[in-house]
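Down below is the structure, laid out as structure tokens.
Just so it is clear: chains get the letters A, B, ... in the order the sequence lines come, proteins before strands, and each one is counted from 1. Heavy atoms only: backbone and side chains are in, while hydrogens, waters and symmetry mates are out.
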Amino acid sequence: MHIYDSVKKTKLPFEPIVPHKASIYVCGPTVYDDAHLGHARSSLSFDLLARTLKALGYEVTMGKNFTDIDDKIIKKVQATGESLEQITTHYINSYKEDMRVLGVGDADIEPKATDSLEAIESMIKGLIDKDIAYVVSSGDVYFDTSKDSNYGTISHQVGEDEDNQSRVEHNSQKRNPKDFALWKACASKDDICFEMSFSNGRPGWHIECSAMIEKHFKGNDKFSIDIHGGGADLLFPHHENEASQSRCATGHELSKYWMHNGFVNINGEKMSKSLGNSFFVKDALKVYDGEILRNYLISVHYRNDFNFNEEDLLNSKKRLDRLYRLKKRVIPTKASKPNIAFQKDVSKAMKDDLNISVALARVEQMISQTNDRLDENPKDKGLKKETLANIEFIDKLLGIGGQEPFSYFQIGIDKQTKTKIEALIEARDSAKKEKDYRKSDTIRDELSSMGIAIMDTANGTVWEKI
RNA sequence: GGAGCCAUCGCCAAGUUGGUAAGGCCGUAGAUUGCAAAUCUGCUAUUCAUCAGUUCGAGUCUGAUUGGCUCCUCCA
């Protein structure tokens, strides 16, 4: 397995801390709103990573946190009158449900900031004791970046000159402009605070992840975890700060490898809350099936930016349709063993920093070849069994192709419509038998206007929702 | 102002260590079909934004130019 390390900026062989085991920690969402396509993409990227590692025989431990204390959540609390817990529970469940529909299961470890306050406190305390962190008069606790000579080695973004045109607000209480808050003291009585030895307040964003990693992962004397992941925007300052805190607190590096996924753009524009063009997973799922969305979102390499648009989505759906049409041809049968060459090729592609394009190209080659062989010999039972095994292999590795193929093509059709469609097909068949092609074509047109495509096969007429 | 990324067929998109351009969609010709659809087969970039350099050889390395984009502020 090779992965691209976005800190070293090169592809590296994956050599985990403990042989055959992989510990991954991904920055999860701040739960004050529904998940958008960007969350989905990040989640999907690391889901593919975990699936690939598992397929290669690694025992994977996936951690993904929920930031459930944050200014925006508090704002929502104040705006809605609901409790912090009500709000965060709601959005955590909403996130999990969306991801489940996209084929991403729960992480093995799902820490919440509110469950990690002790770990946060002890890490901050330790840093204060070493004078790497300091408390200012307001009660805020800052991290002294000048104490870490390696500060900047993660993002390579910290220049020599401190006095650049950075948009970072200059706080006179800070020792250095780049220092960041580990702990924010309560500003008012309405604030949501936790009592700590240094002040009443709440944790800063960066410390949460560091503390949660230390709490849940063992690591060794050099690294806490194997892979730390997240969106490309988190590289700086979030991951830089995380790495620095952990380095100073633990005396070793936080993560052996760093992976960052690219953005989802909508019509070429960055999707962000401030631009107001967020595309929520829930909204997308109203229109498209979860697997179709998944198939689309994983079709572009995880490091590239992803430009979401409907035309490409439909294109990618057509590719998935081909897989399911093949599945229709081989079902019902019992899967045997997947074709070794095929399995090897697909795995090889995924082993190369999750090269999904090459993997999917190989899948399509398999589809074409199998269709060809099935055209020649429609009753090749061995081939059918192997093909089904191939599809099951793909489903396990990529999370696509796992549905029952007939229902895949009939998603969103209710029973009543289904009965009607089947009646029309029956009527058309009898018209065809009587060679009344005008009538049969009229029926086909009627079905077509209902959004139903039909195809005459050796085993009778089948239909699909377009 | 600082840091960095990207530019491959009409569209989407691969292309570690330089060796002579995957795959899909669309289009097109054919097989098949009552006609379609589905399926299969053939065709579809002497060329990788531009210019220069290194090299026997560059989409792949170096430099410059042009055009997109991101981060430096909460952000997946």
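Nucleotides rC69(B) and rC12(B) have their P atoms positioned 15 Å apart, rounded to a whole Å. Going from the P atom of rA29(B) to that of rU44(B) covers 15 Å, rounded to whole Å. Atom P of rU65(B) sits at a distance of 15 Å from the matching atom of rA3(B), rounded to the whole Å. The gap from the C1' atom of rC11(B) to that of rA45(B) amounts to 14 Å, rounded to the nearest Å. Comparing rU62(B) with rG10(B), their C1' atoms are spaced 33 Å from each other, to the whole Å. When the C1' atom is used for both rA49(B) and rA37(B), the distance is 41 Å, rounded to whole Å. Comparing the same atom, C1', in rG67(B) and in rU50(B) gives a spacing of 10 Å after rounding to whole Å. With C1' as the reference atom, rA21(B) and rU60(B) are 11 Å apart, rounded to whole Å.
Between rC71(B), rG34(B), rC40(B), one nucleotide has an atom nearer to the side chain of Phe236(A) than all others, and that is rC71(B). Set against rU41(B), rA76(B), rU39(B), the side chain of Arg325(A) has rU39(B) as its closest nucleotide. Taking every side-chain heavy atom of Phe263(A) into account, rA76(B) is the closest of rU41(B), rG24(B), rA76(B). You'll find that the side chain of Thr30(A) is closest to rA76(B), out of rG23(B), rC11(B), rA76(B). The side chain of Met455(A) sits closest to rA38(B) out of rC74(B), rC71(B), rA38(B). In this structure, of rA22(B), rG34(B), rG24(B), it is rG24(B) that holds the atom nearest to the side chain of Glu364(A).
Distance CG (Leu374(A)) to P (rU39(B)): 13 Å, rounded to an integer number of Å. The separation between Glu242(A) atom CD and rC74(B) atom C1' is 15 Å, rounded to whole Å. Rounded to an integer number of Å, the gap from OH of Tyr437(A) to P of rG34(B) is 6 Å. Glu376(A) has its CD atom 11 Å from the C1' atom of rU41(B), to the nearest Å. One atom, NE2 of His239(A), and another, P of rA76(B), lie 10 Å apart when rounded to the nearest Å. In this entry the distance linking CG of Asp372(A) with P of rA38(B) reads 17 Å, nearest Å. Across the protein-nucleic acid pair, His260(A) atom NE2 and rC69(B) atom P stand 23 Å apart, rounded to whole Å. Put simply, NZ on Lys433(A) is 15 Å from P on rG34(B), counting in whole angstrom units.
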* Hey, mind stepping through Thr61(A) and Asp108(A) against side chain to side chain donor-acceptor pair (under 3.5 Å) and telling me if it holds? -> CA-CA 6 Å; Thr61(A) 307; Asp108(A) 303 303; 5.1 Å; no

Using the 3.5 Å cut-off, write out each protein N or O paired with an N or O of nucleotides 13-16 of chain B and the distance between them.
from    : atom 1 : to        : atom 2 : distance (Å)
rA13(B) : O2'    : Ser357(A) : OG     : 3.1
rA14(B) : OP1    : Asn304(A) : OD1    : 2.7
rA14(B) : O5'    : Ser357(A) : OG     : 3.2
rA14(B) : O3'    : Asn355(A) : ND2    : 3.2
rG15(B) : OP1    : Asn355(A) : ND2    : 3.2

Polar atom pairs (N or O), protein with nucleotides 26-28 of chain B, under 3.5 Å:
from    : atom 1 : to        : atom 2 : distance (Å)
rC26(B) : OP1    : Lys318(A) : NZ     : 3.3

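Within the 4.0 angstrom heavy-atom criterion, base atoms lie near Arg428(A). Contact annotation for Ser45(A): no contact, since no heavy-atom pair falls under 4.0 Å across all strands. Using a 4.0 Å heavy-atom cutoff across all strands shown, Ile454(A) reaches at least one base atom of the nucleic acid. Gly262(A) comes within 4.0 angstrom of a nucleotide base, judged by non-hydrogen atoms across all strands. Nucleic acid contact for Arg444(A): base, since at least one base atom lies under 4.0 Å from a heavy atom of the residue. Lys432(A) comes within 4.0 angstrom of a base, heavy atoms only. Gly38(A) comes within 4.0 angstrom of a base, heavy atoms only. Among the protein residues, Asp456(A) comes within range of the nucleic acid bases, having at least one heavy atom under 4.0 Å from a base atom. Within the 4.0 angstrom heavy-atom criterion, base atoms lie near Arg319(A).
Of the nucleotides present, rA64(B) is the one that pairs with rU50(B) by Watson-Crick or G-U wobble criteria, both distances under 3.5 Å. A 3.5 Å limit on both hydrogen-bonding distances identifies no Watson-Crick or G-U partner for rA37(B). Under the Watson-Crick or G-U wobble criterion, with both distances below 3.5 Å, rU28(B) is paired with rG42(B). Across all strands shown, rG19(B) forms a Watson-Crick or G-U wobble pair, both distances under 3.5 Å, with rC56(B). Pairing for rG1(B) is with rC72(B), a Watson-Crick or G-U wobble pair whose two hydrogen-bonding atom distances lie under 3.5 Å.
Ion pairing between a basic and an acidic side chain is recognised when a charged N comes within 4.0 Å of a carboxylate O; Arg294(A) and Glu291(A) show no such pairing. Of the charged side-chain nitrogens involved, at least one lies within less than 4.0 Å of a carboxylate oxygen, so that Asp191(A) and Arg202(A) count as a salt-bridged pair.
Nearest heavy atom pair, residue Ser299(A) against residue Ser357(A), reads O-OG, 4.0 Å. Nearest heavy atoms, Ile24(A) versus Leu49(A): CD1-CD2, 3.9 Å.
Tyr25(A) and Glu242(A) share no donor-acceptor pair across their side chains, judged by distance under 3.5 Å alone. No donor-acceptor contact under 3.5 angstrom links the side chains of Asn176(A) and Tyr142(A), judged on distance only. For the 3.5 Å distance criterion, the side chains of Ser244(A) and Asp148(A) qualify, holding a donor opposite an acceptor. Residues Arg319(A) and Asn295(A) have side chains that never bring a donor and an acceptor to within less than 3.5 angstrom of each other.
Here Tyr296(A) and Phe306(A) bring their ring centres to under 6.0 angstrom of each other. Aromatic rings of Phe279(A) and His36(A) (six-membered ring for Trp) have centroids beyond the 6.0 Å cut-off, not under it.
Neither OP1 nor OP2 of rA76(B) sits under 4.0 Å from any side-chain N or O of Asn261(A). Side-chain N/O atoms of Ser155(A) include none lying less than 4.0 angstrom from OP1 or OP2 on rC72(B).
Mapped onto RNA chain B by nearest heavy atom, Asp321(A) and His206(A) fall at different nucleotides, with Asp321(A) at the one closer to the 5' end. Two residues, Leu37(A) and Asn371(A), neighbour RNA chain B, and the one matched to the more 5' nucleotide by heavy-atom proximity is Asn371(A).
The local environment of NZ in Lys75(A) is sparse, with at most 12 non-hydrogen atoms from other residues, nucleotides or ligands closer than 6.0 Å.
Geometric assessment of Lys178(A) against the ring of Tyr151(A) yields a negative cation-pi assignment under the 6.0 Å and 45° thresholds.
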